[in-house]
Amino acid sequence: MHHEDRSSRATELRALLNHHAHRYYVLDEPEIPDAEYDRLFAELQAIEAAHPELLSADSPTQRVIGKVLDGFTPVRHAVPMLSIRTETDTTAGGARAFDERVRRELGLAEDAPAIEYAAELKFDGLAINLRYEDGVLVQAATRGDGETGEDVTQNIRTIGQIPLRLQGVAPPVLEIRGEVYMRRDGFERMNERQRERGEKTFVNPRNAAAGAVRQLDPAIAAQRPLSFYAYGLGETRGWDQPATHSATLDAIAACGLPVCDRRAVVAGAGGLIEFHDAMAAARDALPFDIDGVVYKVDATLLQRRLGFVTREPRWAVAHKYPAQEQVTTLNEIEIQVGRTGKLTPVAKLEPVFVGGTTVSNATLHNLFELRRKGVRVGDRVIVRRAGDVIPEVVGRVPGARAAYVPNFRMPAACPVCGSAVLRERGSIAHACSGGLYCAAQRKQALLHYAGRRAMDIEGLGDRIVDQLVDGGLVRTLPDLYDKLDAATLAALDRMADKSAANLVAGIAASKSTTLARFLYALGIRHVGEATARDLARHFGRLDALQDASVEQLLEVNDVGPVVAQSIRAFFDQPHNREVVAALRRSGVHWPEGQGALDDAGPRPLLGRTLVLTGTLPHWSRDEAKAAIEAAGGKVAGSVSRKTNWVVAGAEAGSKLDKARELGVEILDEAGLRALLGGTDDAA
Ligand code: IVH
């Protein structure tokens, strides 16, 4: 290859790789398979290795892991990094006070039109300044004291979402500011891994993110699941800033940086309050922590007129939500016994309002974690509740104890049934060895069996199961069918005749089921809903499954050695076989030989992949997805050559374009219904 050709190929590869990295990390819509990306990457690496003169700082190959540092170099910010005033009134009054202040400071008349605000989320991570020169990322710095931060470029370069080169523009200087944060799922996974190893866990996603950014070893930083959202600018030279903050964020997004789309331009205090309330309602379901919302005067001209007081702009304010961490007293440590016998220390707390609800129980996970955190009864402890994750005690508030309190010990005997407590080899968890002899495990097993996705017995909840087991009315699963009648149930505490009759009917109705549901309901360790479905589909008949060897089990889709062993061990226990036989004697049945067909319907979409885009006229996305999956199909997030159909509704976006480009067949809702109806003419 000639030098010019090589050089232009390198440029082309860099542009391609940057484009695909943006699709993958920022838009979550990859256009090419990972292997293709890897191939392009390797080609560029090879060119650069042979011709180092072609290397450039913005090359995707330079997103490599640097050396371990002794410390961070201070960076003086070209434009100070300000903080935001926090509105003290957390009710709607806070938004009104801000709007009134802005109007007063601008000298607006009472009847002047409403001010437009950019309303955003207040991300709970740490502020970072990204400096791009001539379009290339040259430096990333922390906020520090606002004047001087630390150079963390090495670590920031490992965040895939942050482009090393801006898309489409290359002004002499463009500084983009935003928040580095960690998603809750990544945080939980990281902590779960630490817990399994008996190692130190992180208190919250913010601390974990801050720790990763300030890691001296970039290899460690690179393993931490970090994300980024841009929310403003620092120094700019040779860049035309749009006239509003919202348009500035649009422009930043167009440069290839992630900008959160949970934002709005709203008018006046009313608009702010509406946004505040909508985000409060959405908060638990967001994939990341926020500690409030931020309001900014949208017009940059007005921002300039308002100016600053010391370190804070007069045109912005933070409006907070209830904190996700609170301090309270640990009154007691109780042991909870789970369905599989696992013992979990649970903190009984002085009730405290945290993350929007009152919490009086929180998990301490396991003995090792409890010990490492050094919490003892009577301590002031920090409780965290975020999203739908169960509340947890993350640590104790340092300070002397008034009196000596012995360290917590795991009981040697199960607090529920008295069986020996054992710890499995190589496992952190303690467990009751009582199995179904243990009332706690039996209760959990019954609740699981009756669950909506298992045998679906309506009305068989916590309160009733407690009474049935504690009163000795139900010992084993078959007892549900053999020992309960309306009179027995009506005698239970707070049980009306009508509810008793309904429950009897519900129990009877559950007898007619599917093999997949039944397998899941048995509560075999490691057999979740999806595995149960795969097993049912593969074996078709229960006898075949019960007698299958580990090798035969391993042939099932997604069944590995741990799952196979667990199934084998379950059916090797005569007592489990007896429970299964008794359930069948009591009338539990399913369409035999048709196990694959959960709910006994045909599966016209087996082995097919569909992509949904836009809004369908009658179905929500979840409904459409459920219908496709029930028909055996898969729903993928992005369109590729392997996609069989794209189902497009109103306002379908780039996925529709992609489908056209690849010649993938496009359907509307009616077309999807036709497919589900079984008019499947092979794609
Ligand atoms: S704007 C001039 N917007 O909150 C205003 N900050 O004290 C500069 N933060 O640590 C900040 N989400 O990192 C802004 N949407 C958002 C934000 C946000 C989180 C953080 C920021 C800083 C603190 C402000």
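Counting from 1, the numbers follow the sequence of the chain as shown. As the structure lists them, so they are numbered: ligands from 1, and atoms in each ligand from 1.
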Check: Are E120 and H245 linked by a side-chain donor-acceptor pair shorter than 3.5 Å?
Finding: yes
Note to self: Regarding ligand 1, does E120 bring an N or O atom to under 3.5 Å of one of the ligand's N or O atoms?
What the structure shows: yes
Check: Looking at Y295 versus Y117, is the centre-to-centre ring distance below 6.0 Å?
Finding: no
Check: Any heavy atom of M81 sitting closer than 4.0 Å to ligand 1?
Finding: no
Checklist line | For atom 2 (C) of ligand 1, the protein heavy atom that lies nearest, with its residue and separation | finding: P313 CG, 3.4 Å
Check: Which bit of K296 gets closer than 4.0 Å to ligand 1, counting heavy atoms only: side chain, backbone, both or neither?
Finding: side chain
Margin query: Looking only at side-chain N and O atoms, does T357 offer a donor or acceptor that is under 3.5 Å from a partner on R385?
Written below: yes
Notebook entry, point to check: G232: heavy atom below 4.0 Å from ligand 1, yes or no?
Noted result: no
Check: With atoms numbered from 1 as shown, which atoms in ligand 1 lie under 4.0 angstrom from a non-hydrogen atom of W315?
Finding: 2 (C)
Check: What do we get for L121 next to ligand 1 when only non-hydrogen atoms under 4.0 Å count, side chain, backbone, both or neither?
Finding: backbone
Notebook entry, point to check: ligand 1 and L126, any nitrogen or oxygen pair closer than 3.5 angstrom?
Noted result: no
Check: Should the proximity of E179 to ligand 1, defined as any heavy atom under 4.0 Å, be assigned to the side chain, the backbone, both, or neither?
Finding: side chain
Item checked: Q167 CD: over 12 foreign heavy atoms closer than 6.0 Å -> yes
Margin query: Is I290 close enough to touch ligand 1? Criterion: a residue heavy atom under 4.0 Å from a ligand atom.
Written below: no
Next item on the list: For R380 and T328, test the side chains for any donor-to-acceptor distance below 3.5 angstrom and give the result as yes or no.
Entry: no
Notebook entry, point to check: Excluding sequence neighbours, so at least two apart, what forms side chain to side chain contact (heavy atoms under 4.5 Å, CB included) with R262?
Noted result: L121, C260, M279, A282, L286
Margin query: Could you identify the single nearest non-hydrogen protein atom to atom 5 (C) of ligand 1 and state the distance to 0.1 Å?
Written below: I84 CG1, 3.9 Å
Next item on the list: Could you tell me whether some N/O pair between R143 and ligand 1 is separated by less than 3.5 angstrom?
Entry: no
Note to self: If I apply the N/O under 3.5 Å rule, does G178 come out as touching ligand 1?
What the structure shows: no
Next item on the list: Around atom 12 (N) of ligand 1, find the nearest protein heavy atom and jot down its residue, atom name and distance.
Entry: F123 N, 3.1 Å
Next item on the list: Assess the pair Y229 and Y181: is the distance between their ring centroids shorter than 6.0 Å?
Entry: yes
Item checked: Proximity winner for atom 11 (C) of ligand 1, if only heavy atoms of Y295, F308, Y231 are counted -> Y231
Would you list the atom pairs, donor with acceptor, under 3.5 Å between side chains in residues 650-658 and any protein atom, with sequence neighbours excluded?
| unit_1 | atom_1 | unit_2 | atom_2 | d |
| --- | --- | --- | --- | --- |
| S654 | OG | E29 | OE1 | 2.6 |
| K655 | NZ | G637 | O | 3.2 |

Next item on the list: Do me a favour and list the nearest non-hydrogen protein atom to atom 8 (C) of ligand 1 with residue, atom name and distance?
Entry: L82 O, 4.0 Å
Next item on the list: Write out the residue and atom name of the closest protein heavy atom to atom 10 (O) of ligand 1, then the distance separating them to 0.1 Å.
Entry: A127 CB, 4.0 Å
Next item on the list: Tell me yes or no: between the side chains of R177 and N129, is some donor less than 3.5 Å from an acceptor?
Entry: yes
Next item on the list: Return yes if a side-chain donor-acceptor contact under 3.5 Å exists between Q45 and T61, otherwise no.
Entry: no
Note to self: Can you report which non-hydrogen protein atom sits closest to atom 23 (C) of ligand 1, along with the distance?
What the structure shows: K122 NZ, 3.9 Å
